[in-house]
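All remarks here apply to the structure that follows.
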Protein chains: 2
Amino acid sequence: MKEIEQRLTENGVRPTAMRILIYKYMAESEVAIALTDIENAFAKADRTTLFRTLKTFEQKGVVHQIDDGTGVQKYALCETGCNCELEQDLHLHFHCNNCNETVCLTEHKIPNINLPEGYVAEDANLVLKGICEKCST
Amino acid sequence: MKEIEQRLTENGVRPTAMRILIYKYMAESEVAIALTDIENAFAKADRTTLFRTLKTFEQKGVVHQIDDGTGVQKYALCETGCNCELEQDLHLHFHCNNCNETVCLTEHKIPNINLPEGYVAEDANLVLKGICEKCST
DNA sequence: AATTGTAGTGCAACGGAAGTGCATTTATTA
DNA sequence: TAATAAATGCACTTCCGTTGCACTACAATT
C-alpha cells in the first residue's frame, strides 16, 4: 500500500484514497482496463472522477493508453522506469477476439519500419488480434 | 465509370447510383475516409445509407476498415486483388498528427512477430503516427 | 404488363463512450 | 484559522455508430 503511495508521489500524483484504490485495482488486473471496468468495480464513485483519474495517471506517466481497435479506450500501468513517449519503449498489445481482453506484451517491442521519404514517425501502435493464451488451451 | 460498375459487380455489390458515387469519391481521395467525410460530401444522402454502403463495401472486400487511433472509423479502397483477410496482405497505415489525415502504405507490410506460447494471431493493426510527407515539407 | 419478392434508401430514435462547466468538498500551507 | 489550491461529484452535451421500421426502386417470374 505504501509502495503505491510512493509510486504516485514520485510521478507527481497526489495519492488520494480513490487514486490508490484505482491503482491497486489496475495492478491486480492482468489485462488492460477500460473506464467502464473501473466504473463497475467502484460503483459508488463518480464516473467523472474515474475518468479524470485515468487522464491524470496517463499524463503523469503512471499508465499508458491502449487503443485495441474495439473503439474503447483502455489503460494499463506502466512498468517502473518505462518511458512511454520514447519509441524504443513502445511495446505491442494483444487483443483476444474470444474473451475480448487486451494484454500488454511488454517484452515485444515494435520493430523498426523504414518509412518512405518525407514521413517522420513519432509514435506507433501495433495490436495483434487473435486467440489469447487462456482461450486457446 | 463503367469500370466502377464492373468492380462492384465483381465483388457482389449491386452498382446503384449512390454506391458508384461513393466509390468514385473514395477513389479520388488519397487518404482514408470517415463516414462524416462522406456525409459532408453528399449532404443530400442519408447517413444511414452511407453507413450501410460502407459496411457492405467492407463485407464484400471493396474497402477495408482502418483504425488509426483517432476513435473514428475510416475506410480506404482495397487494391484490386487484395485479400484483406489474409495476414500477408496486412499493410500499415500512417496517421499525420498535423493534418490529421491517414494514408495506406500498401507497400509496407506488417512484419512478422513471434508471439509467446499459446497466443494465436489472426489479424494485426499497425499505425505509425507522426508527420506526413505533405506536412513535413 | 402485372405481380410478387428482394434489395436499397430514408427517417427517427437509441445507446455507449468521451468530454466539459460549475458547484462542492477535501486537503495544503501561509 | 483563514485563504488557496486540488480533487470530487452532478448534470449535461456531443459525437459517432447502430438499429427498427416504413417506404421505394429494382429484378424476377408468371
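Throughout, a chain's letter reflects where its sequence line sits, starting with A, and its residues are numbered from 1.
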For this session: Check the pair B/T102, B/H93 against side chain to side chain donor-acceptor pair (under 3.5 Å), reporting the backbone distance first and the verdict last.
Result: CA-CA 7 Å; B/T102 301; B/H93 296 103; over 6 Å; no
Exercise. Would a line drawn from the ring center of A/Y75 to the ring center of A/F57 be shorter than 6.0 Å?
Worked result: no
For this session: Under the side chain to side chain contact (heavy atoms under 4.5 Å, CB included) rule, collect the residues that match up with A/T48, sequence neighbours excluded.
Result: A/D46, A/R52
For this session: Only pairs at least two apart or in different chains count here, so list each side chain to side chain donor-acceptor pair (under 3.5 Å) that has a residue in residues 30-40 of chain B.
Result: none
For this session: Give a yes or no answer on whether the side chain of B/N11 reaches the backbone of B/V13 with a donor-acceptor pair at less than 3.5 Å.
Result: no
Problem set entry | Contacts of type side chain to side chain contact (heavy atoms under 4.5 Å, CB included), residue B/S29, not counting sequence neighbours | B/V31, B/I33
Exercise. Nearest-Å distance, CZ (B/F57) to P (C/dA7)?
Worked result: 17 Å
For this session: Identify, residue by residue, the members of residues 41-51 of chain A with a heavy atom below 4.0 Å from DNA chain C, and return them in order of residue number, or none.
Result: A/R47, A/T48, A/F51
Exercise. Given B/H91, which of B/E107, B/H108, B/K109, B/H64 fulfils the side chain to side chain donor-acceptor pair (under 3.5 Å) condition?
Worked result: B/H64
Problem set entry | B/N97/A/E122 under side chain to side chain donor-acceptor pair (under 3.5 Å): CA gap, chis, key distance, verdict | CA-CA 9 Å; B/N97 291 328; A/E122 295 169 343; 3.0 Å; yes
For this session: List for me each residue that meets side-chain hydrogen bond (donor to acceptor under 3.5 Å, both in side chains) alongside A/Q65, sequence neighbours excluded, and say none if there are none.
Result: none
Seminar exercise, completed: Per-nucleotide protein contact along nucleotides 24-30 of chain C, 5' to 3', at a 4.0 Å heavy-atom cut-off (B base, S sugar-phosphate only, - neither), is ----S--
Exercise. Quick check: are there more than 12 heavy atoms from other residues, nucleotides or ligands sitting under 6.0 Å from NZ of A/K60?
Worked result: no
Exercise. For the pair made of CG in A/L35 and C1' in C/dG16, what is the distance, rounded to whole Å?
Worked result: 11 Å
Exercise. In whole angstrom, what separates A/Q59's CD from C/dG19's C1'?
Worked result: 15 Å
Exercise. With a 4.0 Å cut-off on heavy atoms, is A/T36 in touch with a base, just the backbone sugar-phosphate, or nothing at all?
Worked result: sugar-phosphate
Exercise. Which stems, defined as runs of 3 or more consecutive Watson-Crick or G-U wobble pairs with both pairing distances under 3.5 Å, involve DNA chain D?
Worked result: C:1-30 with D:1-30
Exercise. Heavy atoms under 4.0 Å, any strand shown: does B/R52 hit a base, just sugar-phosphate, or nothing?
Worked result: base
Exercise. Which residues pass the side chain to side chain contact (heavy atoms under 4.5 Å, CB included) test with B/Q59, sequence neighbours left out?
Worked result: none
Exercise. Earliest and latest nucleotide of DNA chain D, 5' to 3', sitting under 4.0 Å from a non-hydrogen atom of chain A?
Worked result: D/dA6 to D/dA11
Exercise. Can you list the residues that meet the side-chain hydrogen bond (donor to acceptor under 3.5 Å, both in side chains) rule with B/Y23, with sequence neighbours excluded?
Worked result: B/R7
Exercise. Which residues within residues 66-76 of chain B lie with some heavy atom under 4.0 Å of an atom in DNA chain D?
Worked result: B/V72, B/Q73
For this session: Not counting sequence neighbours, list each pair that qualifies as a side chain to side chain donor-acceptor pair (under 3.5 Å) and has a residue in residues 125-137 of chain B.
Result: B/E101-B/K134
Exercise. How far does CD of B/Q6 sit from CD of B/E3, to the nearest 0.5 angstrom?
Worked result: 8.0 Å
For this session: Just do the side chain to side chain contact (heavy atoms under 4.5 Å, CB included) check on B/V63 and B/M26 with the steps written out, would you?
Result: CA-CA 9 Å; B/V63 304; B/M26 293 185 79; 4.0 Å; yes
